[in-house]
Amino acid sequence: MSETAPNTLQYRFDGPEDAPVLILGPSLGTTWHMWDRQIPELSRHWRVLRFDLPGHGGAPAHPAAAVSDLAERLLATLDGLGVDRFGYAGCSIGGAVGAELALRHPLRVGSLALVSASPRFGTADSYRQRGVVVRTNGLDPIARATPERWFTPAFAAGQPAIVDWSVQMVRTTDPGCYIAACEALAAFDIRAELGRIGVPTLVVVGADDEVTPPADARVFVAGIPDARLALVPGASHLAPVEQPAAVTDLLVRHFSTSWLPADQPTGMTAIPAPAARAALATAPPSGAPVAEIAYTAEPVPAVADGRADTYEKGLRVRREVLGDAHVDRAQAGADEFTGDFQEFITRYAWGEVWTRPGLDRRTRSVITLTALAARGHLDELAFHTRAALRNGLTPAEIKEVLLHTAVYCGVPTANSAFSVAQRVIREETTPEG
């Protein structure tokens with residue numbers, strides 16, 4: 001167990017001290033205990049380090065709003081332990097951390113396994129709205145919906161104790177850290193960079209995973225030069241919990257045969273094992289994971305880096321604040337007559353004003369709500385109410401803004417604004433299902 005500073009992560013070790021280090025990264029809402037069933041076998045060969053996300057499993061609540069921040073905290077933890085090179089397996093956001101490490105710190109990662117992960121998780125809008133729901137209602141609605149997202153119906157019905165465990169894990173997570181992780185997933189998109197991941201990579205996905213479906217896994221394999229895909233039957237999103245034996249077998253075979261030798265002596269050497277790579281491509285016994293080696297590669301869409309000029313920067317901020325769906329509608333409706341105006345507001349309002357460092361986005365949302373209400377721009381007030389929720393304002397704070405507006409801009413103005421804001425808040429903060 002660890003003492004945790006703000007720039008490091010809570011961790012624990014299992015396995016022999018002189019063995020190569022293998023890191024296991026958790027999924028959002030879980031703790032390192034999601035890997036408990038893998039530890040007996042993995043710790044026979046490796047010094048296994050598991051870590052908790054901030055605010056998860058009793059870890060200190062120091063929110064990290066970007067996957068890159070989580071990766072840097074993990075590296076700071078490893079640096080403090082004297083660990084230079086390591087193998088890495090991560091589930092969901094834990095997989096995103098591993099991919100980030102392989103991209104930004106390729107000399108540190110010897111071999112990589114991405115479990116139930118994606119180069120882009122769902123849509124940015126969906127994760128930002130989840131943050132709004134948690135900020136308004138707490139984690140209980142998310143926790144109650146967890147079994148549907150993590151497990152197949154048959155497993156959930158047959159393993160009530162594990163279902164209860166999963167719900168309690170989410171309920172006991174720090175809400176602020178959970179929201180920050182949602183923001184991190186909303187911003188995560190490495191589809192255009194996959195070709196730069198240069199380590200042997202195993203991509204594992206549950207056949208019934210609807211959170212990060214097999215199609216997402218195939219994007220990984222299409223983009224990473226040395227990657228193989230393993231499909232696990234009878235598993236949904238939390239495959240290491242639902243099919244522990246199958247996932248353990250895949251990890252042992254992958255890390256035993258694909259760990260690249262270090263350029264300098266670090267003690268991180270591959271564990272000798274019988275050649276087993278071909279076993280993934282042959283017909284497995286019933287219930288074993290099935291590897292998919294041949295498939296039709298899906299195109300990886302080009303993604304702007306958001307840094308080229310004020311337009312790209314403005315487009316990124318506009319999407320983060322207003323949501324992809326709104327911006328996509330605005331751009332789709334642009335024609336020869338309105339296209340220049342769309343470019344103008346993206347470049348000027350979003351690329352030059354909303355990106356200025358003098359005010360944070362919460363404060364800019366307060367000002368914007370007041371100005372739109374005062375001028376009676378109710379259509380824009382609607383989507384900026386949605387933006388204010390995503391920028392961190394609570395419904396109670398929005399109410400105070402509109403009450404203040406009533407004093408200085410008039411009761412009729414505030415009356416109309418309250419009606420619009422109430423409708424949007426109900427839409428955005430009502431949990432699904």
Side-chain angles (χ1 to χ4, degrees), residues 28 65-68 92-93 96 117-136 142 149 178-194 210-213 215-216 219 223 298-335 338-339 341-355 361-362 364-365 368 372 379-393 423-425 427-432:
L28 174 61
V67 171
S68 59
S92 195
I93 192 172
S118 175
R120 185 188 186 191
F121 289 79
T123 66
D125 288 356
S126 66
Y127 278 96
R128 291 195 173 103
Q129 184 174 12
R130 190 188 298 186
V132 169
V133 170
V134 174
R135 190 176 292 114
T136 306
I142 301 296
R149 295 195 308 272
Y178 190 96
I179 292 168
C182 288
E183 290 291 328
L185 289 173
F188 184 75
D189 189 349
I190 59 170
R191 290 172 295 171
E193 302 178 82
L194 294 177
E210 295 182 359
V211 178
T212 52
D216 289 6
V219 175
E298 300 178 8
V300 179
V303 181
D305 65 9
R307 294 170 290 182
D309 58 15
T310 55
Y311 178 84
E312 296 296 342
K313 182 167 60 175
L315 184 60
R316 174 177 55 80
V317 174
R318 189 181 181 190
R319 287 186 177 279
E320 290 173 356
V321 174
L322 299 181
D324 287 333
H326 174 85
V327 176
D328 288 343
R329 284 194 300 271
Q331 292 191 320
D335 55 20
T338 62
F341 176 69
Q342 287 295 321
E343 181 177 353
F344 167 75
I345 60 175
T346 299
R347 188 182 301 277
Y348 181 65
W350 297 102
E352 295 188 9
V353 176
W354 272 84
T355 56
R361 289 186 187 177
R362 281 173 49 89
R364 292 189 186 277
S365 277
T368 303
L372 292 174
D379 287 342
E380 293 213 359
L381 178 66
F383 60 75
H384 270 284
T385 300
R386 187 170 291 109
L389 290 167
R390 295 180 181 186
N391 282 343
L393 290 177
R423 171 177 57 82
V424 172
I425 288 170
E427 292 172 355
E428 290 294 302
T429 62
T430 301
E432 294 182 2

According to the interplanar angle, ranging from 0 to 90°, do the rings of His384 and Trp350 count as parallel (below 30°), tilted (30 to 60°) or perpendicular (above 60°)? parallel

Testing Arg130, Arg386, Arg135 one by one against Glu428 for a salt bridge (Lys or Arg N to Asp or Glu O under 4.0 Å), which residue passes? Arg386

With side chain to side chain contact (heavy atoms under 4.5 Å, CB included) as the test, would you mind laying out the steps for Thr346 and Phe341 before giving the verdict? CA-CA 8 Å; Thr346 299; Phe341 176 69; over 6 Å; no

Taking only residues two or more places apart in sequence, or in another chain, which ones meet Ala325 in a side chain to side chain contact (heavy atoms under 4.5 Å, CB included)? Asp125, Arg329

CA sep, side-chain torsions, deciding dist, call: Arg390, Val321, side chain to side chain contact (heavy atoms under 4.5 Å, CB included): CA-CA 7 Å; Arg390 295 180 181 186; Val321 174; over 6 Å; no

Kindly check if the number of other-residue, nucleotide or ligand heavy atoms within 6.0 Å of CG (Asp379) is above 12? no

When rounded to the nearest 0.5 angstrom, what distance separates CD in Glu380 from OG1 in Thr385? 11.5 Å

Arg149 and Glu210, any side-chain heavy atoms less than 4.5 Å apart: no

Please evaluate residues Arg318 and Gln342 with respect to the criterion side-chain hydrogen bond (donor to acceptor under 3.5 Å, both in side chains), reporting the C-alpha separation (whole Å), side-chain torsions for both, the decisive distance (0.1 Å), and the verdict. CA-CA 11 Å; Arg318 189 181 181 190; Gln342 287 295 321; 2.9 Å; yes

Whether Asp189 side chain and Arg191 backbone form a donor-acceptor pair below 3.5 Å: yes

Is any side-chain heavy atom of Arg128 closer than 4.5 Å to a side-chain heavy atom of Asn391? no

Given side chains that start at C-beta, do those of Val353 and Arg364 come closer than 4.5 Å, heavy atoms only? yes

Non-hydrogen atoms of Val424 and Ala382 that approach each other most closely: CG2-O, 3.7 Å

Work out which heavy atom in Ala96 is nearest to a heavy atom in Phe121; give both atom names and the distance. CB-CE1, 3.9 Å

